[in-house]
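Heads up, the thing below is written out as structure tokens.
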Protein chains: 2
Amino acid sequence: MKPRLDSAQSARAAELRLSRLARLDDDELRAVRQAASFPQRLPAHRELVAEGAPAGEPHILLEGWMGRIRHFSDGRRQILSFILPGDRLGVGQQNQPRAAATVTALTPVLLCRAPQPRSGRVGAGLAEAYAMSAALEEQYMLRQIARIGRLSAHERLIDWMLEMYDRLELAGLAEADAFPMPLTQEALADALGLTSVHVNRTLQSMRRERLIEFRSGVIQLSDPRQLANMVDYRPPTMAGLSAR
Amino acid sequence: MKPRLDSAQSARAAELRLSRLARLDDDELRAVRQAASFPQRLPAHRELVAEGAPAGEPHILLEGWMGRIRHFSDGRRQILSFILPGDRLGVGQQNQPRAAATVTALTPVLLCRAPQPRSGRVGAGLAEAYAMSAALEEQYMLRQIARIGRLSAHERLIDWMLEMYDRLELAGLAEADAFPMPLTQEALADALGLTSVHVNRTLQSMRRERLIEFRSGVIQLSDPRQLANMVDYRPPTMAGLSAR
DNA sequence: CGCGTTCTTGACTGCTTTCAAAGATGGTGG
DNA sequence: CCACCATCTTTGAAAGCAGTCAAGAACGCG
């Protein structure tokens with residue numbers, strides 16, 4: 001039996017991530033915790049918004065993984081991007097009234113409304129954090145294009161794992177070169193533009209070569225530096241985004 | 001010998017596109033023409049900004065095609081997105097100080113500085129047009145991901161052509177199901193995640209099947225409706241973006 | 001007219017998919 | 001506590017789409 005998740009617990013990842021993206025003052029931190037104390041729960045596979053539907057208000061993901069997905073009429077689907085704890089969702093970059101893609105819970109998730117940033121000079125940290133979050137989101141999309149456009153199956157997996165590690169680490173959800181990976185291999189395949197069979201084989205081969213370990217839903221990277229070299233991986237250039 | 005391009009001529013596409021994205025008042029139209037009368041010329045293959053370099057100020061493309069590109073250390077490259085006449089460039093979605101990708105001229109191009117939108121109630125058309133442009137850009141990126149992630153070579157070409165047609169049409173540069181296509185097949189391959197050899201073969205086959213005609217740099221789509229059905233193509237949901 | 005780039009084509013290789021079916025795994029109810 | 005079912009993972013064999021290598025043809029520019 002797992003411990004009952006209190007809201008303070010579940011807000012931690014979001015709080016950590018946002019405060020790493022911009023300095024938040026006490027009011028803002030309080031606003032985040034406050035919002036997180038009225039969470040919404042969604043089971044796996046549940047759609048939050050459908051492509052083309054009214055976008056609804058912005059949310060912050062507290063727990064679990066979501067994805068932006070495009071469906072084809074013949075059943076194929078592509079996971080366009082992942083939404084991880086602490087990520088903002090429900091808005092495209094601009095305040096578009098309609099969702100550009102379907103947003104779906106890939107695992108059971110917990111989310112809450114995103115607190116409104118104040119517009120004043122003081123306490124604009126939240127607005128800055130949101131802007132930074134959107135900027136990172138764009139970088140992830142660009143990387144996703146390069147990944148599925150030009151990398152082999154092996155390389156796609158490696159590149160993807162490195163990105164997931166960095167992103168989860170930012171929210172305090174990964175350490176020691178290991179991170180939880182709750183997706184089915186089919187979901188992974190839909191994200192990387194492969195079939196689940198081939199994801200499986202590739203994963204096996206990576207294990208045999210001791211590039212990773214993967215047991216009970218946790219991926220352990222043996223040598224991130226080496227992996228990064230194999231695929232030209234450069235961590236998200238957060239430093240370049242703000243002035244710091 | 002082609003006629004000397006005066007600035008009024010070259011501003012036309014940008015003017016048309018922007019004024020279709022939002023209603024621009026006379027001052028704003030004038031500002032666009034004014035900006036376009038101090039154009040900058042770049043030869044093909046010239047980089048405007050390198051990935052990670054300071055982003056510089058926003059520009060508007062007047063003529064020619066540009067691309068956002070990611071290079072790999074072993075020589076592979078991926079064209080992340082295309083920038084067409086009337087498109088804004090030089091900013092990510094947010095005002096990021098550093099470019100998230102290299103921006104390169106794929107053909108000889110002409111561009112100018114993007115006029116600053118005024119912030120007042122009146123005459124916010126330009127700001128709206130820019131926001132719409134950014135929103136469309138995001139949609140194009142999502143489509144690019146789905147395209148190279150889940151479509152076959154045939155389908156990628158078709159889907160891409162339909163998108164290019166719609167985008168060029170928006171700037172008044174395409175009509176009667178035909179549009180100019182100045183790229184080499186290698187550039188096309190780098191955009192679609194294929195090799196130039198395979199792009200060539202696929203193109204041939206599409207010509208044989210009478211899906212398209214392609215002569216002297218102009219692509220003619222035989223039956224856009226049918227093509228759209230083949231790949232589940234839905235035109236950019238511009239209508240959904242603004243309130244109209 | 002000549003040279004470099006781009007387009008074509010052929011033959012061969014191979015990565016990834018497809019189809020199928022046999023194991024694991026985990027949750028549920030008896 | 002165990003049987004049972006649904007879902008997910010793993011494996012094999014065969015087919016196919018796309019890549020690689022190479023070379024000749026066509027095109028466009030100076």
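A, B, ... follow the sequence lines: proteins, then strands. Residue 1 opens every chain.
With sequence neighbours left out, A:Arg143 forms a salt bridge (charged side-chain N to carboxylate O under 4.0 Å, His left out) with A:Glu163. Checked against side-chain contact (heavy atoms from CB on, under 4.5 Å), B:Ala13 has the following partners two or more places apart in sequence or in another chain: B:Pro85, B:Ala171, B:Leu173. Considering only residues two or more places apart in sequence or on other chains, B:Arg17 meets the salt bridge (charged side-chain N to carboxylate O under 4.0 Å, His left out) condition with B:Asp87. Residues satisfying the salt bridge (charged side-chain N to carboxylate O under 4.0 Å, His left out) test with B:Arg113, not counting sequence neighbours, are B:Glu57.
Less than 4.0 Å separates DNA chain C from no heavy atom of any residue of residues 203-222 of chain A. For DNA chain C, none of the residues of residues 177-191 of chain A falls under the heavy-atom distance limit of 4.0 Å.
Within the structure, ring pair (Phe, Tyr, Trp, His ring centres under 6.0 Å) pairs that include any residue of residues 142-191 of chain A comprise A:Phe82-A:Trp160 (at least two apart or interchain). The side-chain hydrogen bond (donor to acceptor under 3.5 Å, both in side chains) analysis of residues 177-191 of chain A, with sequence neighbours excluded, yields the pairs A:Arg77-A:Asp190, A:Gln185-A:Asn200, A:Asp190-B:Arg150.
A salt bridge links A:Arg215 and A:Glu213; the closest N-O separation between the charged side-chain nitrogens and carboxylate oxygens is under 4.0 Å. Between A:Arg12 and A:Glu63 there is no salt bridge, since no side-chain nitrogen of the basic residue lies less than 4.0 Å from a carboxylate oxygen of the acidic one.
Heavy atoms from other residues, nucleotides or ligands lying under 6.0 Å from CD of B:Glu209 number more than 12.
Note that the OG1 atom of B:Thr102 and the CZ atom of B:Arg68 stand 10.0 Å from one another [nearest 0.5 Å]. To the nearest 0.5 angstrom, A:Ser81 atom OG is 11.0 Å from A:Met66 atom CE. B:Ile83 CD1 to B:Thr104 OG1: the interatomic distance, rounded to the nearest 0.5 Å, is 9.0 Å.
Each end of the helix from C:dC1-D:dG30 to C:dG30-D:dC1 gets its own axis from five base pairs, and the two axes differ in direction by 50°, given to 10 degrees.
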Show me the donor-acceptor pairs within less than 3.5 Å that the side chains of residues 45-55 of chain A make with the rest of the protein, sequence neighbours left out.
none

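Contact annotation: B:Asn200 side-chain N/O to C:dT8 OP1/OP2 distance is under 4.0 Å.
Within the cation-pi definition used here (under 6.0 Å to the ring centroid, within 45° of the axis), A:Arg207 does not qualify as a partner of A:Phe214.
If you walk DNA chain D from 5' to 3' and mark each nucleotide with an atom closer than 4.0 Å to a heavy atom of chain B, the marks span D:dA18 to D:dC21.
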Self-check item: Steps toward salt bridge (charged side-chain N to carboxylate O under 4.0 Å, His left out) verdict (A:Arg76, A:Asp74)
Solution: CA-CA 6 Å; A:Arg76 283 179 284 185; A:Asp74 64 355; 2.9 Å; yes
Quiz item: Could you run down nucleotides 10-17 of chain C 5' to 3' and tag each one B, S or - for protein heavy-atom contact under 4.0 Å?
Solution: BB----SB
